[in-house]
Amino acid sequence: MITSTNQVMSGEDQYSNLGAIPLTPPPQYYQQLALNVNPEALEGSQYVFAADEKKKRPLHEIMFFGIGSSYLSGLCLGGVWGAIEHQQTFESSSKLLRRNHCLNSITKRGSFVGNSIAVLALFYTASSGIIGKVRDRDDLWNGIGGGSVTGGLYKCTKGVLQGSKFVGLGALCGLGINVINGTLDQGMSYGPEVVKDTYSDLFDRR
């Protein structure tokens, strides 16, 4: 098809009327459909698809977040400890010595506390994740078991009596960590629900 000179000069050719071709359905249809979706009508409170609610974060992601956040928290706590220790132990009036002593105290205590908490977080996240993989369940007992293993490893060189005490203490800490994480993730109803489910697992199956 040969386009005439007048059509070329005026900008009119066989493609000039493409904008007038109606789209079926028009784009406004999809926009209106998306805006009219009621989130409360979706199956599940926080997920578009019901299958997404059962998906779990991979173990390496949980460990990365837990160890990193624990290390940063330990740095902050150790830094505060070092600053308080500096104020209590330093007596010289020189500004240079005061600054150096303060920085040394903060870095010493900050790195110590950060490394210690990060190692405990490594033990806890790894052990609780492995227990969950073996049991193929994600519930309160994974945190309790992970805390027990962490406490036992932390004091395994101090004897059986000392180690058993920290096994129980670790179990309580694992319980507390699980409840706090669940409350932050699912709201205040998590505590009563997990206690009810745990009671059912212990006594209803007998």
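Position 1 is the first residue of the sequence; numbering continues from there.
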hydrophobic_cluster_shared for [Y] and [X], side chain cutoff 4.5 Å:
X      : Y      : result
Leu175 : Phe166 : no
Val149 : Leu122 : no
Ile144 : Val179 : yes
Ile130 : Ile62  : no

Original post:
Within a radius of less than 6.0 Å around NZ of Lys155, do more than 12 heavy atoms belonging to other residues, nucleotides or ligands occur?
Top reply: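 Yes, because the 6.0 Å sphere around NZ of Lys155 holds more than 12 heavy atoms from other groups.
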Provide the closest heavy-atom pair for [X] versus [Y] in the form atom of the first, atom of the second, distance.
X      : Y      : result
Thr107 : Ser111 : O-OG, 2.8 Å
Gly78  : Arg109 : O-CB, 3.2 Å
Thr150 : Phe123 : OG1-C, 3.5 Å
Asn178 : Tyr124 : N-OH, 4.4 Å
His86  : Ser105 : CB-OG, 4.1 Å

Let me confirm one number: the [atom1]-[atom2] distance from [X] to [Y], rounded to the nearest 0.5 Å.
X      : Y      : atom1 : atom2 : value
Leu120 : Thr125 : CG    : OG1   : 10.5 Å
Lys108 : His101 : NZ    : NE2   : 8.5 Å
Ile131 : Lys133 : CD1   : NZ    : 13.5 Å
Met63  : Ser70  : CE    : OG    : 11.0 Å
Leu72  : Ile67  : CG    : CD1   : 12.0 Å
Tyr154 : Cys173 : OH    : SG    : 11.0 Å

**OP:** Using a 4.5 Å cut-off on heavy atoms from C-beta on, say whether the side chain of Tyr71 contacts that of Ile117.
**Re:**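 Answer no - side chains too far apart.
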Subject >> Val119 vs Ser116 side-chain heavy atoms within contact, under 4.5 Å >> reply: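 No, every pair of side-chain atoms sits at 4.5 Å or beyond.
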**OP:** Applying side chain to side chain contact (heavy atoms under 4.5 Å, CB included), run through Thr157 and Gln162 and close with a yes or a no.
**Re:** CA-CA 9 Å; Thr157 60; Gln162 192 74 5; over 6 Å; no
**OP:** Examine the side chains of Asn142 and Arg137 and answer whether a donor and an acceptor come within less than 3.5 Å of each other.
**Re:**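 There is no such pair (donor and acceptor under 3.5 Å, judged by atom type) between the side chains of Asn142 and Arg137.
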**OP:** Could you tell me whether the side chain of Ser127 and the main chain of Gly146 form a donor-acceptor pair under 3.5 Å?
**Re:**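 Looks like yes, one N/O pair under 3.5 Å.
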